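In what follows, chains are A, B, ... by sequence order, proteins preceding strands, each numbered from 1. Quick caveat: nothing in here was measured; it's all calculated off a predicted structure.
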Number of protein chains: 2
Amino acid sequence: MAQEDRRSRRSRRLLRDALVALVLERGYADITVEDITERADLGRATFYSHYTDKGALFTQIAADLQAELDERLRPLLNPPSVGFSGKPVLEMFRHAAEERDAYRVILRGEGDGRALRRLVDARTAAAATVFRARAEALGVTPRIDVEVLARAWVGEQIAVLAWWLESDPPRLSAEEVTRMLLDLSLRGRYWANGFEGEPPAAPQ
Amino acid sequence: MAQEDRRSRRSRRLLRDALVALVLERGYADITVEDITERADLGRATFYSHYTDKGALFTQIAADLQAELDERLRPLLNPPSVGFSGKPVLEMFRHAAEERDAYRVILRGEGDGRALRRLVDARTAAAATVFRARAEALGVTPRIDVEVLARAWVGEQIAVLAWWLESDPPRLSAEEVTRMLLDLSLRGRYWANGFEGEPPAAPQ
DNA sequence: CACGTTTCTGAACATGCTGTCCACTAACAT
DNA sequence: ATGTTAGTGGACAGCATGTTCAGAAACGTG
């Protein structure tokens, strides 16, 4: 009743780890299948018995990560609440911290950026849905196009996350960064420099 | 006194255009040097008399574009003004509209995302400088870390720009999108749904 | 433990792209 | 008209790819 042969699991894990490590060191394009199997201490033929090529392994890694993130965000996005708690953002940052290297690979846009685009598109779609639901619940028409709103919001998150994951050691905690992101996003940069005393309280 | 042989200019331009077109069609990784020269209607040997490899051509394209953008932004960023006019953002959007295909290639993160990262880092550095100068001129301490502020602001711009360049035909003009971006960035999403009546006027 | 099954492995192979070289021709600037 | 520079096609070795196969090793199970 075992789900899979232990050797297969081991090999896949080794190949995955080897690819991530090598991409961080030398970049996706400069790596050969043999580099990967050498680092993983496996025969080259073993690679091809698991994946059709380097791209397939990379795609799998990205897809797994994406699925894991979606899984963790699901309970926070469903049902959609009207207020912005910032919980999904914090959860993404925590997930990224746990899977730091894999995230760095993807956020660097390795592999022609397909994986990154996929991630951004998924988060953007989710954000747009929330914004639309919120506008409808409040019976208002957003002064800013929802698509622009969602792209900007996700662009902000991803850009800051990418920077945060590359800084070593991190000057700020996940909680601090996401608090800033949420604050900035809700209240705007206008207040960011201390203009006009205390800014209004953020909504719940 | 001619700066360069007409044939060289012609070949470089043809190779450049061919690469950009092919990358948009099939993606950077799937393209061979022969594909490029075939599309450009040149001999393969000609390619190697101009560039060492595919990456060199790509890097050159990205560097040229970057230099052109920097040139156009220089007068708008120097000297740094205290207020946010949004002019640099609009100028970038206009430049991108003129060089749409080349921008799309770079913003998709083709070529392992190096070119995109370079672009983002340059704009982030410029933004951070402006933010710091502004905070100092006003004698205030920003409530949000300047690095986070700059990363978020540039991430917003780039994400929206990438989306805008891919939409066809564009639903919004460059002026409309940049106005939204500036508005959003200055006043925040808190007001974006029509909360609390009129938001405060943006600073000059 | 003993069994049948699955995975790993190294070697060999054809294929395709790379980057270099060269001799020849065409296009150029003056 | 002339000397110079660029483009061309062909040939070449080098390297990574993806496939195949038969033997060895590790596995799950009863």
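Within the 4.5 Å cutoff, the side chain of A:Leu116 has heavy atoms near those of the A:Ile158 side chain. Side-chain contact between B:Tyr51 and B:Thr59 is absent, with no heavy-atom pair separated by less than 4.5 Å.
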*List the protein contact pattern of nucleotides 12-19 of chain D with one symbol per nucleotide (5' to 3'): B for base contact, S for sugar-phosphate-only contact, - for none; contact means a heavy-atom distance under 4.0 Å.*
----SBBB
*asked:* For nucleotides 1-8 of chain C, give me one character per nucleotide, 5' to 3': B if any protein heavy atom sits under 4.0 Å from the base, S if the only such contacts are to the sugar-phosphate, - if neither.
replied: -----BBS
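B:Glu34 CD: 12 or fewer foreign heavy atoms inside a 6.0 Å radius. Remark: B:Arg10 CZ is loosely packed, at most 12 non-hydrogen atoms of other residues, nucleotides or ligands lying under 6.0 Å away.
Spacing between atom CD of B:Glu38 and atom C1' of C:dC17 amounts to 14 Å, rounded to whole angstrom units. Whole-Å rounding puts the B:Leu22 CG to C:dC17 P distance at 14 Å.
In terms of heavy atoms, B:Ala127 sits closest to B:Trp153 at CB-CD1, 4.1 Å.
Between B:Arg6 and C:dA29, a side-chain N or O to OP1/OP2 separation shorter than 4.0 Å is present.
Ring pair B:Tyr103/B:His95 is perpendicular by interplanar angle, where above 60° counts as perpendicular and below 30° as parallel.
Side chain of A:Asp101 to main chain of A:Val20: no donor-acceptor pair is present (N/O by atom type, distance under 3.5 Å, no hydrogens or angles).
Evaluation of the ring pair (Phe, Tyr, Trp, His ring centres under 6.0 Å) test over residues 20-41 of chain B, restricted to residues two or more places apart or in two chains, returns B:Tyr28-B:Phe58.
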